Engineer: 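This is the structure I have questions about; it appears just below.
Within every chain, numbering begins at 1; the chains are lettered A, B, ... in the order of the sequence lines, protein sequences first and strands thereafter. No experiment lies behind these values; they were computed from the predicted model shown.
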Amino acid sequence: MTRRAFVITAVNLALASALMVLVTHAGAPRVAPTRVLAFTVAFAVVGFFPIRLDFRRQQVTITLTDALLVVALFEMGPAGVAIAAASGEAAACMLLRMPTLKTLFNVSNRLAAASAAAVAFFAAGATSANELAGWAAALGAALVFAFLDFAPVAAILSAAEDRRYQDIVFQSGPPALLTTAAAAPIGIVIVDLYHQSPLAPALLIPLVAAVAINSRSAAYQRDEHLRVERLFAATSRTARLVSFTDAVASVATESRELVTGIAAVCAVPTGAGEWVGVVADDDGVHAAAAGEVDDLVELVGEHGAGEVEGSRIPASLLAVAPAAAELLLARPPDGSAIPVALGVLRGPGSDEQRRGRVETLAAFAAQASLTISNARLYEEVEAALRRQVDLNRQKGDFVAAVSHELRTPLTSVLGTVATVLRLRDRLSVEEQDRLLNTSVDQGRRLKRLIDDLLLVAAAEHTTIECERMPVDVTALTGAVARDVESMLGDRLVIEIEPGITAMRSDDGRLRQILANLLENAAKYAPTGPVEVTVSARDDQILFAVADHGPGIAPADRGRVFERFVQLDQSSTRTRGGTGLGLYLCRQLADALGGQLDLTESLGGGACFTLSVPSGGPATAPAEGQTACHGMARRPTEAASSRPPGRRRPADQSAPELTALATGGGER
Amino acid sequence: MTLDATRRRCLVVDDDPSIREVLRLNLEAEGMEVFVLENGELVETVTRHIAPDLIVLDVMMPGRDGYAVLAALKADEATSGVPVVLLTAKATDEEIWDGWQSGADYYITKPFNIDELLYFLNLVFEEEGEGNAAIT
């Protein structure tokens, strides 16, 4: 596009020079310096105060240049007209602070157009503003001027907006020519009045002033309207978005288009005190670098809504759009749903337009904040809903699993006893014993399960009470072995480090944990030995339960302790299990003041290590109960979990306990 | 409730040893010849081999579950005629419906009543009439 401008400028200058040479040869009057100067000033003034009018929904800029040109045509020779028009334009452009290239382009345009118009007028030969011939010549010249002024601009526009040259000419050309046709006669009238009476042209000033003022306000209103239209369109496009990333990207894209920028940066806080941002440019949308985001946020924090001119744009942001001449900033008003930092880099523009653009951007920023916060909320709600659905499904699975787990041992209890009753004499004594023992085992298993479930049910609500009594480690492991005999039989290997002195803890809880771990081992490691190793380290007693099964992958080692989590859902469905065991074990371990860890065993399987404070006698409180954090425990469980021979303090026992205790109070 | 003297064959498939024992004792007491399997792997093969008059099949087993085994049995002409009793701890309405839909001839939930099972057996054998009386 720049190349095109250069070419056109050159062509203009060449044309102007040619015409001037031609006309001077043909004997045109010489240049009168004072007049030229006067008209130059006049052209400059007129160029500086354009009048904008609406003509059939198109914005048209009328300058009184056309009128002034007509006056000049009558009052000066062609050379004078050309020089005055061009110089005046140059002055006006400089006053408007236009970039050099644009100034050069405009001036060359003006020069060529004015030359052509003046030469045409001269050629027509009419000189009186009072005659039809004079009017026709002036009008014709003005139209030539308008056309030659417009044609090159159209060429530039077609390159910039990527539209066909013919389209632009036919769309914008006619209005331009018509406005010239409207303005030129004003010039003729001025000349005519002047010749009748030098002060008469002053009579036109009020009219012109009124038109100028009116058109200015009309132009302003039209700008407002356009701005609101575009703002509305941009807002409705972004309002529909429910994805957070989409919303932010869209805000950046829309901001860029709204104020015709080269690139736009939009940054939002993540909630962790950090900001993230995206950049929208010709290539689309991509994530913004941290430096860009930080600089933008800082600027917006300092300036609020406003602009930063070229030299003061931070390097990181300038790198996004090196051709930028200004950076427009915007942010939503205080108290908005979510803070947003918006920055749009654009090429140079007039002060007035910049103000309008900053306002537009600020209005959009308020909307953007709403849109983004909306999208974020939507995502959060969606996530919460999904979590809830997941949880519901897990609970449903849990209920089904519990149902199965309870029914299975119950079936054995009822079935075995019913068999004895039905077939009594037809069974040998050994067979009857076996059946009845199975009933007892399975009944105990059922009881353990019920205990576990009740513990979990109360888990959130109350604190557990743990005992702190002397624990005989050998007796403890013996009891646990009996608990799991039907499941593991002689696969169970117990090894107790020699010299472990008695520990003080809650043996019922320990038994619960160990039985649970061993049941798991039996379930998940169907073959090979299961080793229980008891050792002492510092002030802790360690119980390690190791199997030779497939083990647990490192990625899953944290998860297995969560509630309702069972690895390999398909097989546990058939294997049974509640997904609670390890969760409970860990809660109980916590309650005892210890911890439960998972590592890999030497055989490749899983190794669970329960470490519990050994509870040195010197520091222990008086025999009795210590409250630990954890889950609730009911008196019946406490009593029945203790091996026979130990009596709880009298005030703690409940009447129903005696019945249970006499029936062999072991779990 | 007793069956007639002809030794009928029954195949019991369940991963729980105590349930296998209970079923074996009770069915033998009724004069049946009982075979047991502890998982679903070989059920079709064994069925083709021994031609049982009845299969008692647990649903929740490690490896192949009862539904898969049942589907395979019904899909094979050689085995599809053998009546199957599904045994399971699944007792929600939906699961019972699934059970009936699966093509089982009978569906019993655990804990089960032995008499209920034997009642069904009787129905099955009465229906078959003399046709299968010649099984060894």
Engineer: Out of A:Leu423, A:Leu414, A:Leu410, return the one with the most heavy atom pairs under 4.5 angstrom to chain B.
Structural biologist: A:Leu423
Engineer: Would one find more than 12 heavy atoms of other residues, nucleotides or ligands at under 6.0 Å from atom CD of B:Glu44?
Structural biologist: yes
Engineer: How far does CD of B:Glu21 sit from CZ of A:Arg434, to the nearest 0.5 angstrom?
Structural biologist: 4.5 Å
Engineer: Can you tell me if A:Asn392 has over 12 outside heavy atoms packed within less than 6.0 Å of its CG?
Structural biologist: yes
Engineer: So do the side chains of A:Thr411 and B:Asp16 get within less than 4.5 Å of each other, counting heavy atoms only?
Structural biologist: no
Engineer: Measuring from atom CG of B:Leu25 to atom OG1 of A:Thr419, what distance do you get when rounded to the nearest 0.5 angstrom?
Structural biologist: 6.5 Å
Engineer: Is chain B contacted by the side chain of A:Leu406, its backbone, both, or neither, given a heavy-atom distance below 4.5 Å?
Structural biologist: neither
Engineer: Testing the basics here: between A:Arg426 and B:Ala29, what is the closest heavy-atom pair and its distance to 0.1 Å?
Structural biologist: NH1-O, 3.4 Å
Engineer: Do you know which two heavy atoms are closest between A:Arg407 and B:Lys110, and how far apart they sit?
Structural biologist: NH1-O, 2.9 Å
Engineer: Please flag which part of B:Arg20 lies under 4.5 Å from any non-hydrogen atom of chain A: side chain, backbone, both or neither.
Structural biologist: neither
Engineer: Let me know if A:Thr416 has heavy atoms under 4.5 Å from chain B in its side chain, its backbone, both or neither.
Structural biologist: both
Engineer: One pair to check against side-chain contact (heavy atoms from CB on, under 4.5 Å): B:Ile19 and A:Ser412. What are the steps and the verdict?
Structural biologist: CA-CA 6 Å; B:Ile19 293 184; A:Ser412 295; 4.1 Å; yes
Engineer: Nearest heavy-atom pair of A:Gly415 and B:Ile114: which atoms, and what distance?
Structural biologist: O-CD1, 4.2 Å
Engineer: Is a salt bridge present between A:Arg422 and B:Glu30, judged by a nitrogen-to-oxygen distance below 4.0 Å?
Structural biologist: yes
